[in-house]
*Asks:* 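I am attaching a structure below and will ask some questions about it afterwards.
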There are 2 protein chains.
Amino acid sequence: MRTNGPPDSPVPSGSSHLLRTINERAALYHLLENGTLTRVELRKLTGLAKPTASQVMLRLSEAGLAVTLGRSTAKQVGPRAEVYSVNADYAFAAAVTLREPDGVTVAVRDLKGRERASSTRRIDFTAVPLDRAVLDLLERTAADAGIDKGRIAALHVAVPGAYDAETDTIGYADIPGAPEVRMRAAIEAALDCPVTVHNDVNAATVAERRNPAASGGLVLLWLGREGVGAGIDLGQGLIVGARGAAGEIGYVPVFPDRTGPDDPTYQDWIGAPAIADLGREHGVEGPDAAAVVAGAVERGADAFLEAYAKRVAGALHMLTCLFDPPCLVLGGEIARAGGETLVDHVRRQAGALGDRVLPSAVYGDAVAIGVLDLAYADLKERVLDAALA
Amino acid sequence: MRTNGPPDSPVPSGSSHLLRTINERAALYHLLENGTLTRVELRKLTGLAKPTASQVMLRLSEAGLAVTLGRSTAKQVGPRAEVYSVNADYAFAAAVTLREPDGVTVAVRDLKGRERASSTRRIDFTAVPLDRAVLDLLERTAADAGIDKGRIAALHVAVPGAYDAETDTIGYADIPGAPEVRMRAAIEAALDCPVTVHNDVNAATVAERRNPAASGGLVLLWLGREGVGAGIDLGQGLIVGARGAAGEIGYVPVFPDRTGPDDPTYQDWIGAPAIADLGREHGVEGPDAAAVVAGAVERGADAFLEAYAKRVAGALHMLTCLFDPPCLVLGGEIARAGGETLVDHVRRQAGALGDRVLPSAVYGDAVAIGVLDLAYADLKERVLDAALA
DNA sequence: CCAATAGATAGTAAAACTGTCTAACTATTG
DNA sequence: CAATAGTTAGACAGTTTTACTATCTATTGG
């Protein structure tokens, strides 16, 4: 920003240089928001004078951040305005999703927000070090798409576990090798790019923010094939906790007077074990929890669904008392298998809370979408902060 | 700020006017932080040139925000620097605490952060409308201290209930008349000053932030004479929820398979009813819950304390799984009555969590202190934003 | 002990510098 | 011909640099 004062001061100060930087930042911000921009549009957004708008766009072009795309095709009186565009190849955001047993998924988005590459590979985590596996797939994917890996300026990783940013360790993860590897340090060293690691449910929560109905914030109750968890975004960004372990509802004991290691937690109460138990009770079976729920929906096993929905509603009630979110989203493989039918059952069991309960609005892989959204948002911020030093 | 662009744009733009505003803002910010400032100190903080520093301070003085306090008394070579001070009387922050049955407490802090007035009055809320009672005491208190009530630029109110900012209503409150009155609208209309209403436990949480050990954020488990609740500040400010009902642990059912109206909630499990029950079981009695706990501590009734601490530890465990705060503070009249003894018992019962458990570090009335801190912080922000339009 | 002096600090004045804005102008298009 | 896109030249506003004055302490020499 080129402020005069100490860089940690929350209030900047400076001279004309600062003014130029501020206006360039504003222009770049609007360019990133809109993708393309004519000088006239920039003036409408910023209020800058004509010559200033011209100069600012010129400097953004010289810095390699903007490129001219030709002239507007709008049918209008007068000459056609020159169209500036974000230089999509200026920098890239990469997202990695780790899953057991599915392996590694990588996706790359350019500065303009277009998906430029993606691939998934099954990996035996007991055979290959975690960081090597990620780096290998990332490099191969980038190379195949003709992307210079040195231009990757933000890399975000989703892992099925609690990531403690302070110690750079992954707790509670199901993936072999995850607790040992220092994911951020290892990848940053190899790639020279800032790395951020997220819990997978938190990443999925970000994806749900795409739903306008959840724009005020949400709590996502994740009912996954393996585990359950909650993702919390109350409008001011994700709540991750001091050690990345916020939202770990799976570890909450169901009965506070029974807290021994064999006593039930919410993982047992609403997760895969509960579905197996309830399924047996009600004569609904299947190869895994999602299949049981899907089967119950298909066959109209209302007693089973009601029993399970009641438990889920109890969890939602607890989450609502503690977080009071504007909406509660049901996500994860089990919720998906249950579909609208399960949501309806839960709504009925949730009483007054029912109005706040929504199904997931994300098609496809919520975790992968969310972590890519996080990476892309981070990339834009970094470009805005760093490009015009 | 006098930016060119639309005022809702997150990125400002502008010309020389903006620069001047930015530098004045920076100066005012540092002045508010430090209380007093010489030109040389301002230059060190902002990096501004000598003439600019002079001009900025001149303008702050002309605007009535700063006053000269004479010359520095530092023994040094050369002339003594002129000392500027915040004009303490420029604006005031007022805080109101409502309590049943204690009535109303009012406190006023000036722009420099000094407490200028405070008073408490018992009020029969069934006889006087809530807003009238607040306004009366506030006006009388201000007048007694010689404070122009028109200069009160931020008023914050703490109420024992969940305040929904959107509908301007107070839910779950124990105070007669609270659910009916539109507190914010009523006081704003009478006083022409922005009013913010908080839950009392949230206010107390802010007071705990004064403790350096809790600087990274905290969850306050409030064990009050009347009710229990949790205040959550994870470092990015209070979490209040969509309808102001976050942290209402008192409404969480203890046993998720028993959610009828007569089944126990955490209010019954760790609040006053639990203490009465456990007290009877263990032969500890008293006129109210705080007295029972105080008596138990005094007489060394370890069995009672252990049983109660176990329940509290269970609540802390749930809160930790969901919020993962860096520290857990025990507050409220019951926690105070239990003192270090109770905290030690809870620590022992909490297992690995014990390290994060702390007693309240606030002497005196945490709610009143917290709401005054909130009002004062808000005042500074408003002055910074509005004074140099 | 006292006075003269050097050196550092606080603050101001004038001119240079850097940026944006206004106004006038050219070119393009329906 | 009128409206729009864009440039150019000079005005304008703000900060900075440089030079200067005034004030105060500490040192030094008589």
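Chain identifiers are assigned alphabetically (A, B, ...) following the order of the sequence lines, protein sequences preceding nucleic acid strands; residue numbering begins at 1 within each chain. Small disclaimer: the values here were computed from a predicted structure and weren't measured.
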*Asks:* Which residues, if any, of residues 31-46 of chain A bring a heavy atom under 4.0 Å of DNA chain D?
*Replies:*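 Heavy-atom cutoff 4.0 Å gives A:Arg39, A:Val40.
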*Asks:* Quick test of your reading: applying side chain to side chain donor-acceptor pair (under 3.5 Å), list the pairs with at least one residue in residues 208-217 of chain B, sequence neighbours left out, ordered by first then second residue.
*Replies:*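 Residue pairs passing side chain to side chain donor-acceptor pair (under 3.5 Å), neighbours aside: B:Glu208-B:Ser360, B:Arg209-B:Asp233, B:Arg210-B:Asp373.
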*Asks:* Produce the list of close N/O pairs, under 3.5 Å, pairing protein atoms with atoms of nucleotides 3-6 of chain C; give distances to one decimal.
*Replies:*
none

*Asks:* Any non-hydrogen side-chain atom of B:Val157 less than 4.5 Å from a side-chain atom of B:Val195?
*Replies:*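 Touching, per the 4.5 Å side-chain cut-off.
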*Asks:* What residues form a salt bridge (Lys or Arg N to Asp or Glu O under 4.0 Å) with A:Arg43, not counting sequence neighbours?
*Replies:* none
*Asks:* Write down the distance between CD (A:Glu82) and P (C:dT28), rounded to a whole number of angstrom.
*Replies:*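 One finds 14 Å between P of C:dT28 and CD of A:Glu82, rounded.
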*Asks:* Within the structure shown, what part of the strands sits under 4.0 Å from B:Ala81 by heavy-atom distance: base, sugar-phosphate, or nothing?
*Replies:*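 B:Ala81: backbone/sugar contact only, no base atoms under 4.0 Å.
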*Asks:* Using atom CG of A:Leu58 as one end and atom P of D:dG6 as the other, report the distance to the nearest whole Å.
*Replies:*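 About 13 Å, once rounded to whole Å.
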*Asks:* Quick one: side-chain contact (heavy atoms from CB on, under 4.5 Å) partners of A:Asn34, sequence neighbours excluded?
*Replies:*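 Listed in chain order: A:Leu37, A:Leu45.
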*Asks:* Between atom CZ in A:Arg20 and atom C1' in C:dC17, what is the gap in whole Å?
*Replies:* 12 Å
*Asks:* Would you please confirm or rule out a distance under 4.0 Å between OP1 or OP2 of C:dC21 and any side-chain N or O of A:Thr52?
*Replies:*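 Result: yes.
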*Asks:* List for me each residue that meets side-chain hydrogen bond (donor to acceptor under 3.5 Å, both in side chains) alongside A:Tyr376, sequence neighbours excluded, and say none if there are none.
*Replies:* none
*Asks:* Can you name the side-chain hydrogen bond (donor to acceptor under 3.5 Å, both in side chains) partners of A:Lys380, sequence neighbours left out?
*Replies:*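 Once residues adjacent in sequence are excluded, A:Lys380 has no partner under the side-chain hydrogen bond (donor to acceptor under 3.5 Å, both in side chains) criterion.
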*Asks:* Sequence neighbours excluded, which residues qualify as salt bridge (Lys or Arg N to Asp or Glu O under 4.0 Å) partners of A:Asp110?
*Replies:*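 Partners of A:Asp110 by the salt bridge (Lys or Arg N to Asp or Glu O under 4.0 Å) criterion, ordered by chain and then number, come out as A:Arg114, A:Arg116.
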*Asks:* Working to the nearest 0.5 Å, report the span between NE2 of A:His198 and OG1 of A:Thr196.
*Replies:*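 Between atom NE2 of A:His198 and atom OG1 of A:Thr196 there are 5.0 Å.
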*Asks:* In whole angstroms, how far is the C1' atom of D:dT16 from the CG atom of A:Leu19?
*Replies:*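 Nearest whole value for this atom pair: 15 Å.
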*Asks:* Quick one: on DNA chain D, does A:Ser16 or A:Tyr84 contact a more 5' nucleotide (nearest heavy atom)?
*Replies:*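 By nearest-heavy-atom nucleotide position, the 5'-most residue is A:Tyr84.
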*Asks:* Taking OP1 and OP2 of D:dA13, is either one under 4.0 Å from a side-chain nitrogen or oxygen of B:His17?
*Replies:*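 Negative; the distance criterion is not met.
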*Asks:* Would you say A:Leu69 and A:Thr36 make side-chain contact, with heavy atoms under 4.5 Å?
*Replies:*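 Result yes, sub-4.5 Å side-chain heavy-atom pair found.
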*Asks:* Examine D:dG14: is either OP1 or OP2 under 4.0 Å from a nitrogen or oxygen in the side chain of B:Asn23? Give yes or no.
*Replies:*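 Checking B:Asn23 against D:dG14: no side-chain N or O falls below 4.0 Å of OP1 or OP2.
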*Asks:* Residues two or more places apart in sequence or in another chain: which of them pass side-chain hydrogen bond (donor to acceptor under 3.5 Å, both in side chains) with B:Thr141?
*Replies:* B:Ser119
*Asks:* When you measure only distances, ignoring hydrogens and angles, does the side chain of B:Ser15 come within 3.5 Å of the base of C:dT20 through a donor and an acceptor?
*Replies:* no
*Asks:* With sequence neighbours excluded, tell me which residues meet salt bridge (Lys or Arg N to Asp or Glu O under 4.0 Å) with B:Arg382.
*Replies:*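 So B:Arg382 forms a salt bridge (Lys or Arg N to Asp or Glu O under 4.0 Å) with B:Asp378.
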*Asks:* For the pair made of CD1 in A:Ile22 and P in C:dT20, what is the distance, rounded to whole Å?
*Replies:*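 Result: 10 Å.
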*Asks:* Using atom CG of A:Leu48 as one end and atom P of C:dT22 as the other, report the distance to the nearest whole Å.
*Replies:*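 One finds 11 Å between P of C:dT22 and CG of A:Leu48, rounded.
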*Asks:* Can you give one letter per nucleotide of nucleotides 19-27 of chain D, 5' to 3': B if a protein heavy atom sits under 4.0 Å from the base, S if only from the sugar-phosphate, - if neither?
*Replies:* ---BBBSS-
*Asks:* Test of understanding: with side-chain hydrogen bond (donor to acceptor under 3.5 Å, both in side chains), list the residues that count as partners of B:Glu115, not counting sequence neighbours.
*Replies:*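 With sequence neighbours excluded, B:Glu115 shows a side-chain hydrogen bond (donor to acceptor under 3.5 Å, both in side chains) to no residue whatsoever.
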